[in-house]
Amino acid sequence: MTKADKAYELLKESYPHAKCGLDYGTPFQLLVSTMLSAQATDKSVNQVTEDLYKQYPDLNSFLELTQEEIENKIRKIGLYKNKAKNIYKMLRELKERHNGEVPKNMEDLMSLSGVGRKTASVVLVEAFKIPAFPVDTHVFRITRRIGLSTATTPDKVSDEMMSKLPKYKWHLMHHLLITHGRETCIAQNPKCEACSVSNICNYFRNNKK
DNA sequence: AACTCGGGGCA
DNA sequence: TGCCCAGAGTT
């Protein structure tokens, strides 16, 4: 059993409640929500999108909004100017280049304005159940702390994790790692005393033991 | 690789 | 108050 497999089993035991924190209905809504979630909390995104998707449930209704209107509707979330600009452009790219459908592959998703590898991966995995491995700041920090990856960029960590775990474990492992990062392996002063993988963690061995 | 955007959450 | 956050684009 590899270290990655072992971490998977231990974390699975600890976080039976692990899941994606974003509320959404359709793939289109998940795409928008994930774009909004950059450098913001799920909670603030869910608060804003709950009413937003009732009024504007799909691409065509979003297309009626001006960039300024989008900006005003997401003002409670950080980086709203950038996000509104990117979403406004992305909506039109979906219409013009993708027949109004959310693309189901990494390359087309990443070609959309404001969509990077992390957002594209989340949409593939959560909306379409297509294997991918999103790496956000939590996953990046944790995989390096434990010693599952020594890669220096999120893209490389994503590739490394995919190579170390069987495909069917990718989806849950992503949820386990972000949950671990939110509840236990936090950025400052991680709660190593409450951590279920401390026995295989490089950070714990080097700093706390 | 470093910088910028940004309001909200939390100490 | 001050610091950080489920990122992406630009230089």
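As the structure is a computational prediction, the values presented were derived from the model and not from experiment. Order of the sequence lines sets the chain letters (A, B, ...), proteins ahead of strands, with each chain counted from 1. Heavy-atom basis, side chains included; hydrogens, waters and symmetry copies ignored.
- A salt bridge does not link A/Asp5 to A/Lys164: none of the charged nitrogens lies less than 4.0 Å from a carboxylate oxygen.
- For the P atoms, the distance linking C/dA6 with B/dA1 amounts to 22 Å, nearest Å.
- Counting heavy atoms from C-beta on, the side chains of A/Cys195 and A/Phe204 never come closer than 4.5 Å.
- The aromatic rings of A/Phe62 and A/Tyr53 lie tilted to each other, with the angle between the two planes from 30° to 60°.
- If you walk DNA chain C from 5' to 3' and mark each nucleotide with an atom closer than 4.0 Å to a heavy atom of chain A, the marks span C/dC4 to C/dG9.
- Contact annotation for A/Thr137: backbone-only contact, meaning every heavy-atom pair under 4.0 Å involves sugar-phosphate atoms and none involves a base.
- Residue pairs satisfying the salt bridge (charged side-chain N to carboxylate O under 4.0 Å, His left out) criterion with at least one member in residues 75-86 of chain A, sequence neighbours excluded, are listed as follows: A/Glu71-A/Arg75, A/Glu71-A/Lys81.
- By the 4.5 Å heavy-atom criterion applied to side chains, A/Lys118 and A/Val135 are not counted as neighbours.
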side-chain hydrogen bond (donor to acceptor under 3.5 Å, both in side chains) for A/Ser149 and A/Thr143? Distances and angles first, verdict last. CA-CA 6 Å; A/Ser149 173; A/Thr143 51; 5.0 Å; no

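- Pairs of residues two or more places apart, or lying in two chains, that qualify as side-chain hydrogen bond (donor to acceptor under 3.5 Å, both in side chains) and include a residue from residues 119-137 of chain A are A/Glu126-A/His171, A/Glu126-A/His175.
- C/dT1 sits 23 Å from B/dG6 when the P atoms are compared, rounded to a whole Å.
- Applying the side-chain hydrogen bond (donor to acceptor under 3.5 Å, both in side chains) test to A/Thr34 and every residue at least two apart in sequence or in another chain returns nothing.
- Nucleic acid contact class of A/Gly21 (heavy atoms, under 4.0 Å, all strands): base.
- Along DNA chain C, the nucleotide nearest to A/Ala187 and the one nearest to A/Gly114 differ in position, and the one closer to the 5' end is contacted by A/Ala187.
- With respect to A/Glu93 and A/Lys89, no salt bridge is recorded, no charged nitrogen being found less than 4.0 Å from a carboxylate O.
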Going through the checks in order, is the side-chain hydrogen bond (donor to acceptor under 3.5 Å, both in side chains) test met by A/Asn202 and A/Lys3? CA-CA 11 Å; A/Asn202 290 357; A/Lys3 189 167 183 174; 3.2 Å; yes

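- Distance CG/A/Leu165 to CD/A/Glu160: 11.0 Å, rounded to 0.5 Å.
- Nearer to the 5' terminus of DNA chain B, by closest-nucleotide assignment, is the contact made by A/Ala38 (compared with the other of A/Ala38 and A/Thr41).
- A/Val115 comes within 4.0 angstrom of the backbone, heavy atoms only, and of no base.
- Think of the region where chain A sits on DNA chain B: with heavy atoms and a 4.0 Å cut, that region ends 5' and 3' at B/dC5 to B/dG8.
- Interface residues of residues 67-93 of chain A facing DNA chain B, ordered by number: A/Arg75, A/Lys76, A/Gly78, A/Leu79, A/Tyr80, A/Lys81, A/Asn82; criterion, heavy-atom separation under 4.0 Å.
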